[in-house]
Amino acid sequence: MTLALETTDLKVELRLEDDWFPVCDLSALLPGRGVAALLPDGRQVALFRDRNGTLYAIDNRDPFTGAAVLSRGLTGSRQGRPFVASPLLKQRFDLATGQCLDDEAVRVTTYEVRAS
């Protein structure tokens, strides 16, 4: 089955400092798949949209390997908490909080995100 692409003029924006930064079109985010975006300071962010339409944004860098790959990870949920699993070593990161679900001493940065 092929899904029809969503047609909308909505943009995904991240809060950086005290302002909102446009990152991509909302239609670029397919439920269950991540997208990487480059920020003005050179960092990368991984953007996700779940099946309910909730948006998440976390640092794209896997803290265990240093590789910018979290946007390519598999998404899922554990006890109602949405996560992405790194495609390299499979550690899972809570998309809402950035907390590593496999090592409580590790966390990735999360960003406030909206569609407008």
Side-chain angles (χ1 to χ4, degrees):
M1 171 184 353
T2 302
L3 297 176
L5 290 177
E6 180 180 345
T7 56
T8 179
D9 290 332
L10 292 175
K11 302 289 184 200
V12 176
E13 299 177 325
L14 296 180
R15 182 179 289 280
L16 299 178
E17 309 260 333
D18 295 327
D19 203 8
W20 290 94
F21 177 73
V23 180
C24 67
D25 291 335
L26 181 60
S27 61
L29 296 180
L30 300 176
R33 298 215 174 165
V35 171
L38 187 62
L39 298 179
D41 64 2
R43 289 178 295 153
Q44 290 185 27
V45 64
L47 301 159
F48 298 91
R49 180 176 170 190
D50 68 15
R51 298 192 192 292
N52 297 321
T54 304
L55 299 174
Y56 301 96
I58 63 172
D59 189 23
N60 195 36
R61 191 181 67 77
D62 179 340
F64 291 94
T65 65
V69 296
L70 291 182
S71 64
R72 295 187 227 151
L74 297 174
T75 60
S77 65
R78 178 178 174 229
Q79 299 175 344
R81 296 171 68 181
F83 69 81
V84 62
S86 172
L88 298 178
L89 300 177
K90 310 302 184 234
Q91 284 90 355
R92 297 165 299 161
F93 298 91
D94 186 306
L95 290 173
T97 66
Q99 180 65 53
C100 179
L101 301 177
D102 302 299
D103 184 341
E104 62 184 46
V106 178
R107 171 183 300 269
V108 294
T109 301
T110 59
Y111 299 87
E112 189 177 348
V113 61
R114 71 178 185 189
S116 67

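One-based numbering along the sequence shown. None of the values given here were measured: they were computed from a predicted structure.
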Salt bridge (charged side-chain N to carboxylate O under 4.0 Å, His left out) against R15, all qualifying residues, sequence neighbours excluded:
E112

Sequence-distant partners of P31, side chain to side chain contact (heavy atoms under 4.5 Å, CB included), two or more places apart:
R51

For the hydrophobic clusters of this structure (ILVMFWY residues joined by side-chain heavy atoms under 4.5 Å, transitively), does one cluster hold both W20 and V45?
no

Measure the CZ-CG distance between F93 and L101 for me, rounded to the nearest 0.5 Å.
8.5 Å

Under the side chain to side chain contact (heavy atoms under 4.5 Å, CB included) rule, collect the residues that match up with Q44, sequence neighbours excluded.
A36, L38, N60, A68

Does K11 have any side chain to side chain donor-acceptor pair (under 3.5 Å) partners at least two apart in sequence or in another chain, and if so, which?
D25

With hydrophobic residues grouped by side-chain heavy-atom distances under 4.5 Å, do L55 and V35 end up in a single group?
yes

By salt bridge (charged side-chain N to carboxylate O under 4.0 Å, His left out), which residues pair with R43, not counting sequence neighbours?
D41

Please examine the side chains of V113 and V12, heavy atoms only from C-beta on, and report whether any two atoms are closer than 4.5 Å.
yes

Using atom types as modelled, flag every donor-acceptor pair under 3.5 Å from a side chain in residues 80-89 to any protein atom, sequence neighbours excluded.
{"residue": "R81", "atom": "NE", "partner": "D94", "partner atom": "OD2", "Å": "2.7"}
{"residue": "R81", "atom": "NH2", "partner": "D94", "partner atom": "OD2", "Å": "2.9"}
{"residue": "S86", "atom": "OG", "partner": "D62", "partner atom": "OD2", "Å": "2.5"}
{"residue": "S86", "atom": "OG", "partner": "L88", "partner atom": "N", "Å": "3.3"}

Once salt bridge (charged side-chain N to carboxylate O under 4.0 Å, His left out) is applied, what residue pairs with a partner in residues 67-79 remain, sequence neighbours excluded?
none

To the nearest 0.5 angstrom, please state how far the OG atom of S116 sits from the CG atom of D9.
11.5 Å

Is R33 atom CZ crowded by more than 12 heavy atoms from other residues, nucleotides or ligands, each under 6.0 Å away?
no

Here the pair of heavy atoms bringing V106 nearest to P63 is CG1-CG, 3.6 Å

Quick check for you: to the nearest 0.5 Å, what is the distance between L30 atom CG and R49 atom CZ?
8.0 Å

Is it true that L29 and V23 fall in one hydrophobic cluster, defined by side-chain heavy atoms closer than 4.5 Å?
yes

Answer with yes or no whether the hydrophobic clustering places Y56 together with L10; edges join I, L, V, M, F, W, Y residues whose side-chain heavy atoms lie under 4.5 Å apart.
no

OH of Y111 to CG of L16: how many Å apart, nearest 0.5 Å?
7.5 Å

Just wondering, do T97 and R107 contact through their side chains at under 4.5 Å, heavy atoms?
yes

Considering all heavy atoms of both residues, which atom of Q99 and which atom of E104 are nearest to each other, and what is their separation?
NE2-O, 2.9 Å

With sequence neighbours excluded, what pairs up with D102 under the side chain to side chain contact (heavy atoms under 4.5 Å, CB included) test?
Q91, R92, C100

Considering all heavy atoms, the nearest T110-G98 contact
CG2-N, 3.3 Å

Could I get the full list of side chain to side chain contact (heavy atoms under 4.5 Å, CB included) partners for S77, not counting sequence neighbours?
none

To the closest 0.5 Å, what do you measure between CG (L95) and CG (D50)?
8.5 Å

Determine whether L47 and F21 fall in the same hydrophobic cluster, where Ile, Leu, Val, Met, Phe, Trp and Tyr are linked whenever their side-chain heavy atoms lie under 4.5 Å apart.
yes

